[in-house]
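Single-structure report; data block below.
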Amino acid sequence: MRKHLNPVGAVLTFILLVSFAMLLIVLNINNVNQKPFLVANQAVIKVDRTDGIDIEKPIIDISGWQLPSEMDYDEISKQVNGVIVRVQHGLSMKNENSAAYKNGKDKAMDTHIQEFQKRNVPVAVYAYIDGSSETEMRKEAQKFYERASKYNPTYWWLDVEEVTMKKNFNAGIEAFRDELEKLGAKNIGIYTQDWFITDNNLDVKPFSAVWMAHYGGDTGFWNSSPDTTIHYVLHQYTSHGMLNGFEHNLDMNRVTNVADYNLIFNHGQLVK
């Protein structure tokens, strides 16, 4: 059975309810004025295509040793921020192998580049340096450019891992870089290691960027950075990385900020 309300009490109750409702409205208006960010469906303005990019995603470098037939390009493309593809191992090989022809050209370079570019993954390229004279270095640069320029790579890297000239190795590396630049390549960097630079007195100043190899424990994950005073924009931190879509180990690299990422992969490209 419901209770009957006293008329006076009912009026007072009504007045109290109305007053409380008005107070809530005033408080809510003030709160909204203090927090304009809560407007529904407010547009987010992006200043470039890397705004919001997850730089924790790896950048992989690959060659003919990573067989295209074993790579799920769709799956891998979802997990990386960029790819650096080998174009050649010098101009000649003692013997052809599963990764390169006898003329040095990487067997998978065309497929790797085409498949990742089709999936809107930015692609840079690299060449393993193997010249024994300045003349040979310039010929290697010419072939590097001839083989890769049609793909408009975002960056050109010289992979310098062994001293291939008995005298003035720096002059040989500079001959390669200079010839590549004369042919029209922009954004030319060098891949090497800090100890190799020190032991061989390499001059990396002519290059626009340094890509540094330092594996630490080589666990497949980043756990150590190069202890160096040389400024580098890209760090190769493991040769035992794993991604869905490929059953074997991968070289993985990282950038520490969006500016370095833009330098490597967006330089001279239209913002999308």
Side-chain angles (χ1 to χ4, degrees), residues 58-66 80-91 99-100 104-106 108-110 112-113 116-117 121-131 137-138 140-162 164 169-170 172-194 196-197 200 202-215 226 228 230-239 250-255 260-269:
I59 295 161
I60 59 173
D61 58 277
I62 57 176
S63 69
W65 294 112
Q66 289 75 46
V80 299
N81 278 334
V83 179
I84 307 173
V85 177
R86 186 179 73 163
V87 170
Q88 66 190 35
H89 185 293
L91 287 182
K105 181 181 177 181
D106 190 286
M109 65 154 284
D110 293 300
H112 284 330
I113 293 173
F116 280 111
Q117 286 188 336
V121 176
V123 176
V125 292
Y126 77 93
Y128 188 93
I129 306 308
D130 199 31
M137 289 290 198
R138 289 189 181 276
E140 285 190 14
Q142 292 164 10
K143 189 57 68 172
F144 184 28
Y145 188 80
E146 176 187 319
R147 289 167 171 165
S149 59
K150 61 185 176 182
Y151 294 114
N152 296 313
T154 65
Y155 229 85
W156 303 75
W157 295 99
L158 279 63
D159 181 353
V160 182
E161 299 184 40
E162 61 177 322
T164 60
F169 188 43
N170 271 319
I173 295 173
E174 173 55 19
F176 192 118
R177 189 208 65 79
D178 178 67
E179 187 68 20
L180 193 60
E181 184 177 59
K182 286 179 177 177
L183 290 167
K186 297 179 180 179
N187 317 318
I188 304 171
I190 184 170
Y191 164 93
T192 189
Q193 298 183 59
D194 180 62
F196 190 83
I197 294 173
N200 297 288
L202 291 190
D203 182 10
V204 300
K205 293 189 294 294
F207 294 91
S208 58
V210 175
W211 172 12
M212 192 76 73
H214 172 81
Y215 291 171
T228 180
I230 299 170
H231 177 69
Y232 60 91
V233 301
L234 185 62
H235 171 206
Q236 186 184 70
Y237 60 88
T238 187
S239 62
L250 290 164
D251 290 345
M252 287 189 172
N253 308 270
R254 66 191 295 269
V255 293
D260 287 347
Y261 178 86
N262 275 328
L263 174 70
I264 300 167
F265 289 118
N266 285 343
H267 197 91
Q269 294 190 3

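Summarising the geometry, atom CD1 belonging to Ile190 is positioned 9.5 Å from atom CD1 belonging to Ile230; distances are rounded to the nearest 0.5 Å. Once rounded to the nearest 0.5 Å, the distance linking CZ of Phe169 with OG1 of Thr164 reads 4.5 Å. Remark: Trp65 CH2 to Asp106 CG distance equals 9.5 Å, nearest 0.5 Å. Here the CD1 atom belonging to Ile129 is positioned 13.0 Å from the CH2 atom belonging to Trp157, to the nearest 0.5 angstrom. Here the CG-CE distance, from Asp130 to Met137, works out to 8.0 Å after rounding to the nearest 0.5 Å. Once rounded to the nearest 0.5 Å, the distance linking CG of Leu250 with CD1 of Ile60 reads 5.5 Å.
At a cut-off of 3.5 Å, with distance as the only test, no side-chain donor of Gln193 or Tyr215 sits close to an acceptor on the other residue.
In this structure, the side chain of Asp203 engages the main chain of Lys205 through a donor-acceptor pair within 3.5 Å. Remark: side-chain polar atoms of Asn187 are paired, donor with acceptor, to backbone N or O of Thr154 under 3.5 angstrom. Judged by distance alone, with hydrogens and angles left aside, the side-chain atoms of His89 form no donor-acceptor pair with the main-chain N or O of Ala99 at under 3.5 Å. For the pair Glu140 (side chain) and Gly131 (backbone), a donor-acceptor distance under 3.5 Å is present.
Ion pairing between Arg147 and Asp110 fails under the 4.0 Å rule for side-chain N and carboxylate O. Comment: Glu174 engages Arg177 in a salt bridge, judged by a side-chain N to carboxylate O separation of less than 4.0 angstrom. One finds a salt bridge joining Glu146 and Lys143 here, because a Lys/Arg side-chain nitrogen approaches an Asp/Glu carboxylate oxygen to under 4.0 Å.
Closest of all the heavy-atom pairs between Gly104 and Ala100 is O-CB, 4.2 Å. The heavy-atom pair separating Tyr126 from Ser63 by the smallest distance is OH-CB, 4.0 Å. The two residues Leu263 and Tyr155 come nearest to each other via the heavy atoms O-CE1, 3.3 Å. Nearest heavy atom pair, residue Arg86 against residue Gly64, reads NH2-N, 4.4 Å. The shortest non-hydrogen separation linking Ile173 to Leu158 is O-CD2, 4.1 Å. Among all heavy-atom pairs drawn from Ile59 and Val83, the shortest one is CG2-N, 4.4 Å.
Of the listed residues (Tyr151, Phe176, Trp156), just one forms a ring-ring contact (aromatic ring centres under 6.0 Å, His included) with Tyr145, and that residue is Trp156.
Taking the six-membered ring for Trp and thresholds of 30 and 60 degrees, Tyr232 and His235 have ring planes more than 60 degrees apart, a perpendicular arrangement.
Ring centroids of Tyr191 and Trp211 are separated by less than 6.0 Å, placing the two rings close together.
In this structure, the side chains of Phe196 and Glu161 stay at 4.5 Å or more apart for every pair of heavy atoms.
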